[in-house]
Amino acid sequence: MRRNMTVATILTNVFVSLIFVFSLGCTKKQQQSSETSKKSSQQNLETNDTILIGAVLSLTGPEATFGISTKNAIELSFEQKNKEGGVLGKKLKLITLDNQSKPEESAIAITKLITQDNVVAVLGEVASSRSIAMAPIAQSNKIPMLSTASTNPKVTELGDFIFRTSFIDPFQGPVLARFVFENLKMKKVAIFKDVKNDYSIGLSQFFKEKFVELGGQIISEQSYSAGDMDFKAQLTAIRSAKPEFVYLPGYYTDVGLILRQARELGIKVPFGGGDGWDSPKLFEIGGKATEGGYFSNHYSPEAEDPFVQSFVKEYEAKYGTVPDALAALGYDSGIIMIEALKNSKSLAGTDIRDALAKTSKIKGVTGIITFNSQRNPIKSAVIIKIEDGKQKYVTTIDPS
Ligand code: PHE
């Protein structure tokens, strides 16, 4: 008994001292990190040899390829500029935080970048729902945010500090609607949307309005939630409606799974979607089931434009893969930000905001970029077809 108690006492003591040591460690770490962030802000404001730009991206989780491609390309654009001597004699430095493909984490990450790292501007996010979670924080702190790829109209409506590099979905939805109706000559379409995703909800709506206006019919509308694994019930309902085409404006991980299950259920008609299909992982997840699919996108690496080709070559040389549209938009976002910093009166958020608002005729990989008064560029879209496991360029559609 006595012995047992001694053991228990020793154990308790060890435990208590472990906690003590651990908490000491934490305090030290906290001190260190607040010192580091103090240092970085001083560096930013005083020594003036570095400009810190933040990025919030999905480096992990179901949309990891979106974030990774974007980060790679922004870094490429900064690196190229730094080699030329940087901006106004200062080197550009990107601090990227991972949001695990989640909106809540995006809000936490942008708060940290602004309040602790003292970045002068933020790049990101790709997914509209995540940009929507971040924008009010950028706006209330008066720090400009440039979404690289979010296409839902709401993103830039959240304030005058919020800009985007991509076109918007009231353009993107109709692009595919028109293509299905006029080029594929299909009149009966089913829609399968992700109700947890602002992008998917918006794009479905914009597609539908145009398709119906043209004289087409939406004969079935089904929904899922991002992360679901079994789509058979909704796909069975779609199969019984006998559509000629299924519009599926989701992100690649869900899209790949849905396409597989659709083929298993014997649905043979083509599926199509928006830019959210663009990932090398789509073929890995969906395999042969992706064949014959169509989607709207921001650029094609097949474009002959020498500016596009030199970007494709440099990106490939550095990262070993063909840049997708996320990379193209990330690169253009880097260029837009660099140009604004060059023209800004100071590194204050309001001055960078004013310089961004004047973005005009910047040559990018995804087109020539001029922001309108709503802080959106007006650009062309391309249509891509999946053939033999590869993306084939079909056509370019200009805004009317
Ligand atoms: N447009 C998508 C959104 O707003 C994001 C995206 C852009 C995905 C480009 C792939 C390619 O959520």
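Atoms within a ligand are numbered from 1 in the order they appear, just like the ligands themselves. Excluded from the calculations below are hydrogen atoms, water molecules and symmetry mates; all remaining heavy atoms, backbone and side chain alike, are included.
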Any non-hydrogen atom of H298 lying under 4.0 Å from ligand 1?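 Checking ligand 1 against H298, which is what was asked, there is a heavy-atom contact under 4.0 Å.
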
So, does W277 sit close enough to ligand 1 that a heavy atom of it is under 4.0 Å from the ligand?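 Judged by the 4.0 Å heavy-atom criterion, W277 does not count as contacting ligand 1.
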
Report yes if [X] has an N/O atom closer than 3.5 Å to an N/O atom of ligand 1; otherwise report no.
{"X": "T151", "value": "yes"}
{"X": "F66", "value": "no"}
{"X": "S150", "value": "no"}

Residue portion contacting ligand 1 (non-hydrogen atoms closer than 4.0 Å) for N197: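 Under 4.0 Å from ligand 1, N197 contributes no heavy atoms.
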
Please state which part of A325 comes within less than 4.0 Å of ligand 1, counting heavy atoms only: side chain, backbone, both or neither.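 Looking at A325 and ligand 1, no heavy atom falls under 4.0 Å.
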
Ignoring hydrogens and angles, state whether a donor on the side chain of [X] or [Y] is under 3.5 Å from an acceptor on the partner side chain.
{"X": "Q80", "Y": "E314", "result": "yes"}
{"X": "T60", "Y": "Q100", "result": "no"}
{"X": "D278", "Y": "N297", "result": "yes"}
{"X": "D351", "Y": "S346", "result": "yes"}

Only heavy atoms of G276, strictly under 4.0 Å: list the atoms of ligand 1 that pass.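 It comes down to these atoms of ligand 1: 8 (C), 10 (C).
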
Going by the order shown, which atoms of ligand 1 are within less than 4.0 Å of some heavy atom of L326?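 Answer for ligand 1: 7 (C), 9 (C), 10 (C), 11 (C).
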
S69 vs D324, side-chain hydrogen bond (donor to acceptor under 3.5 Å, both in side chains): CA-CA, chis, key distance, verdict: CA-CA 7 Å; S69 295; D324 54 20; 2.9 Å; yes

Tell me if a side-chain donor or acceptor on T290 pairs with a main-chain N or O of G286 at a distance below 3.5 Å.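 Such a contact is absent between T290 side chain and G286 backbone.
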
Taking the side chain from S150 and the backbone from S131, do they hold a donor-acceptor pair closer than 3.5 Å?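 The answer is no, because no donor-acceptor pair under 3.5 Å joins these two groups.
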
Considering only protein heavy atoms, which is closest to [atom], and at what distance to one decimal place?
{"atom": "atom 4 (O) of ligand 1", "result": "S128 OG, 2.5 Å"}
{"atom": "atom 12 (O) of ligand 1", "result": "Y251 OH, 2.5 Å"}
{"atom": "atom 10 (C) of ligand 1", "result": "D275 O, 3.0 Å"}

Name the atoms and distances for all side-chain donor-acceptor pairs under 3.5 Å in residues 262-269, with sequence neighbours left out.
| unit_1 | atom_1 | unit_2 | atom_2 | d |
| --- | --- | --- | --- | --- |
| R263 | NE | A289 | O | 3.3 |
| R263 | NH1 | I267 | O | 2.9 |
| R263 | NH1 | V269 | O | 2.9 |

